[in-house]
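This structure is a prediction, so every number in the text was calculated from the model and none was measured.
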Amino acid sequence: MKTTKKIIVLFTAVLMGSALFAQNAKTDIEKGIEYHNKARTEGLEYAQKACELLKPYVETDATACAFYGSALTVMASYAAEKNPLKALEYLQDGGDYLDKAVELAPDEWFTHMIHLENGIEVSHSSPLRRYSAIRSDVKWFLDDENILKTEGENQAEAYLYCGYFKLDEGDLDYALELFENCVAAAPESRQAAQANKLLDRYTE
């Protein structure tokens, strides 16, 4: 009987510890995402804080892994002028973590979206080209028709960045079709405004 009680106490302690760890992880990841979102406009220190909070969870949590990778690419933008080699290292590492996030959650809209969006932005703003890595995201959204499982601004976001990919690939007609779909999905959205500018530019 005493042994049974000890096992029950131990099991209860393990459960409580697991619950506490899960709560701490949730808090850290949410705060890390908040810092990540501030990093582009409010300074390098936010990207660094985001990385510190998210790094402990990158092996098991796709969201933490994706935002950690994205935060590294933000750090690259701050390092680019003074230390371009360090910036390139941040970009490569960030891309690796974003790739890993998709591996951790291959059926999640979010991991494909941040992977695609970051890949397009990095390819547009740096010497690193991520098109081969993000081709699978475009396939996931368009060929596998997962884009139809979303709506509103989420769908518009996917259409917009798939359109950027097709535009960069040289398939102008398909890109314009995707930009039109973006506008149709969420006409008043930020994504639609970007798509309309692209439509105006390439249909003049």
Shortest non-hydrogen separation from [X] to [Y] and the atoms involved:
X    : Y    : answer
W140 : D107 : CZ2-O, 3.6 Å
A156 : C182 : O-SG, 3.3 Å
D28  : L54  : O-CD2, 4.5 Å
P187 : A192 : O-CB, 3.5 Å
L53  : G32  : CD1-N, 3.8 Å
E59  : L104 : O-CD2, 3.7 Å

Polar side-chain atom of [X] near backbone of [Y] as donor-acceptor pair, under 3.5 Å:
X    : Y    : result
Y97  : V58  : no
S189 : E153 : no
D144 : N146 : no

In the structure I gave you, are the side-chain heavy atoms of [X] and [Y] within less than 4.5 Å of one another anywhere?
X    : Y    : answer
N196 : F179 : no
L198 : Y164 : yes
I147 : W109 : no
I134 : F165 : yes
M113 : E108 : no

Under 4.0 Å between a Lys/Arg side-chain N and an Asp/Glu carboxylate O for [X] and [Y]?
X    : Y    : result
E45  : K38  : no
E157 : R190 : yes
R130 : D99  : yes

So is [X] actually on top of [Y]'s ring, under 6.0 Å and inside 45° of the axis?
X   : Y   : answer
K31 : Y35 : yes
K55 : Y57 : no
K49 : Y46 : yes

Yes or no on side-chain contact (heavy atoms from CB on, under 4.5 Å) for K166 and V138, after CA distance, side-chain angles and deciding distance?
CA-CA 9 Å; K166 292 299 180 180; V138 177; 4.1 Å; yes

Indicate whether the side chain of H124 and that of D168 have a donor and an acceptor atom separated by less than 3.5 Å.
yes

Verify the neighbour count for atom CD of E151: are there more than 12 heavy atoms of other residues, nucleotides or ligands below 6.0 Å?
no

With Y161, which of E121, Q191, Q194 fulfils side-chain hydrogen bond (donor to acceptor under 3.5 Å, both in side chains)?
E121

To the nearest 0.5 Å, tell me how far [X] [atom1] sits from [Y] [atom2].
X    : Y    : atom1 : atom2 : answer
D93  : L98  : CG    : CG    : 11.0 Å
C162 : H112 : SG    : NE2   : 11.0 Å
I33  : T63  : CD1   : OG1   : 6.0 Å

Assigning hydrophobic clusters by single linkage (Ile, Leu, Val, Met, Phe, Trp, Tyr; side-chain heavy-atom cutoff under 4.5 Å), is [X] placed with [Y]?
X    : Y    : value
L160 : Y202 : yes
L172 : L178 : yes
L167 : L176 : yes

Do any side-chain atoms of residues 66-76 form donor-acceptor pairs under 3.5 angstrom with protein atoms, and if so which ones, sequence neighbours left out?
residue : atom : partner : partner atom : Å
S70     : OG   : H36     : NE2          : 2.7
T73     : OG1  : S70     : O            : 2.6
T73     : OG1  : N118    : ND2          : 3.0

L88/Q92 under side-chain contact (heavy atoms from CB on, under 4.5 Å): CA gap, chis, key distance, verdict
CA-CA 6 Å; L88 183 59; Q92 291 170 332; 4.0 Å; yes

Pick one: which of D143, L142, L148 meets side chain to side chain contact (heavy atoms under 4.5 Å, CB included) with E145?
L148

